[in-house]
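These notes are about the structure you will find just below.
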Amino acid sequence: MYDTETSLTASATVVSSTAHPYWQTMCDFVEGLGITIIFRQLHAPTFLPGLDLGPNCIYVDSEKLLYPGDLLHEAGHLAVTTAPQRAAVGSAALELPWPTDGEEIAAVLWSYAAAVHLEIPLEIVFHSEGYKNESGWLIDHFQQKQFIGLPLLQWMGLCYDEQQAPLHQAQPFPVMRKWMRD
């Protein structure tokens, strides 16, 4: 199910700070996409508490994880990155800058689609302590179907907007055509 490193075990991790009611749903979804979740202690500071990214994986330190919904946002970063770049995350082979501003916007929108798909309340992913204190603004825009960055997700081949979906006999965003960028 999960990879583990150091002294942390998957069972100990699930019992600790990751006992959130949606945690297992998010982990199963992320791993189902081919993104490995590795539980280990993170000693270096990370942008989001308790989470770090590596090649096709997300490192989780359950002792430091504060907001379980951040897992979907980090998965979004990997998902909207090209497969060769995704394999290079965390290494010297990664082309910088990464993520780009566009990829950051795409990861936000991707994590919204994932939350809708998994039927997770938006406040779990877009919590009040994240998104530069603009999570409420983001949720309001999502509820009004104002999807900033949707043309980019469509260009990446991940979804269709309301105009393109009927032409492809598909459902429009937030339904995703596929979850991972080639």
Side-chain angles (χ1 to χ4, degrees), residues 22 25-27 29-35 37 46-59 66-90 94-182:
Y22 295 102
T25 300
M26 291 185 289
C27 288
F29 174 73
V30 169
E31 289 210 317
L33 299 175
I35 298 171
I37 297 172
T46 58
F47 185 76
L48 295 176
L51 295 170
D52 201 10
L53 296 175
N56 292 309
C57 71
I58 301 173
Y59 301 113
L66 298 179
Y67 306 102
D70 286 344
L71 179 73
L72 287 184
H73 181 76
E74 293 302 273
H77 278 296
L78 293 173
V80 303
T81 300
T82 62
Q85 281 285 91
R86 195 165 43 247
V89 170
L94 181 66
E95 293 177 24
L96 299 176
W98 184 86
T100 65
D101 290 342
E103 289 166 333
E104 181 65 45
I105 291 168
V108 169
L109 206 50
W110 185 97
S111 57
Y112 164 74
V116 170
H117 175 74
L118 298 171
E119 299 180 357
I120 294 174
L122 296 181
E123 294 78 12
I124 302 298
V125 178
F126 301 96
H127 54 84
S128 61
E129 298 300 315
Y131 302 92
K132 300 180 182 177
N133 297 316
E134 295 294 339
S135 57
W137 180 86
L138 286 168
I139 291 170
D140 288 344
H141 278 75
F142 296 149
Q143 291 171 338
Q144 296 171 31
K145 294 188 175 193
Q146 296 176 355
F147 302 124
I148 298 167
L150 183 54
L152 181 56
L153 274 188
Q154 186 169 262
W155 175 82
M156 291 175 172
L158 300 178
C159 64
Y160 296 115
D161 63 19
E162 289 195 10
Q163 292 75 36
Q164 291 295 314
L167 301 174
H168 298 278
Q169 300 177 341
Q171 294 292 315
F173 183 84
V175 173
M176 298 293 279
R177 183 174 153 245
K178 61 183 182 177
W179 289 100
M180 301 288 283
R181 188 173 175 193
D182 295 329

- [ ] Work out which heavy atom in H127 is nearest to a heavy atom in I124; give both atom names and the distance.
- [x] CD2-O, 4.0 Å
Task: Minimum heavy-atom distance L150-C159, with the two atoms named - done: CD1-SG, 3.5 Å
Task: Where A75 and V30 come nearest, the two heavy atoms and their spacing - done: CB-CG2, 3.7 Å
Task: Residue pair H141, L138: steps toward the side-chain contact (heavy atoms from CB on, under 4.5 Å) verdict - done: CA-CA 5 Å; H141 278 75; L138 286 168; 5.8 Å; no
TODO: Enumerate the residue pairs fulfilling side chain to side chain donor-acceptor pair (under 3.5 Å) with a member in residues 95-104, sequence neighbours excluded, ordered by first and then second residue.
DONE: H73-E104, H77-E104, T81-W98, T100-E103
- [ ] Start with the C-alpha gap between F173 and F147, add the side-chain angles, then the distance that decides, and say whether side-chain contact (heavy atoms from CB on, under 4.5 Å) holds.
- [x] CA-CA 9 Å; F173 183 84; F147 302 124; 3.6 Å; yes
Open item on the list: Please determine whether the number of non-hydrogen atoms from other residues, nucleotides or ligands lying under 6.0 Å from atom CD of Q169 exceeds 12.
Closed with: no
TODO: Quick one: do N56 and V89 satisfy side-chain contact (heavy atoms from CB on, under 4.5 Å)? Show the steps, please.
DONE: CA-CA 7 Å; N56 292 309; V89 170; over 6 Å; no
List the atom pairs, donor and acceptor, that lie under 3.5 Å between side-chain atoms in residues 106-119 and the rest of the protein, sequence neighbours left out.
| unit_1 | atom_1 | unit_2 | atom_2 | d |
| --- | --- | --- | --- | --- |
| W110 | NE1 | W179 | O | 2.9 |
| S111 | OG | A107 | O | 3.1 |
| S111 | OG | V108 | O | 2.8 |

Task: Close side-chain approach of L71 to C27, heavy-atom, < 4.5 Å - done: yes
Open item on the list: Could you check whether any side-chain N or O of R86 sits under 3.5 Å from a backbone N or O of V80, counting only pairs where one atom can act as donor and the other as acceptor?
Closed with: no
- [ ] Taking the six-membered ring for Trp and the full ring for Phe, Tyr or His, determine whether the centres of Y131 and F126 are under 6.0 Å apart.
- [x] yes
Task: Any side-chain heavy-atom pair of Y160 and P166 under 4.5 Å - done: no
Task: Closest heavy-atom pair and its distance - P55, A87 - done: CB-O, 3.1 Å
Task: Full working for side-chain contact (heavy atoms from CB on, under 4.5 Å) between L158 and R177 - done: CA-CA 5 Å; L158 300 178; R177 183 174 153 245; 5.9 Å; no
- [ ] Please name the pair of heavy atoms, one in G90 and one in L94, separated by the smallest distance, quoted to 0.1 Å.
- [x] N-CD2, 4.3 Å
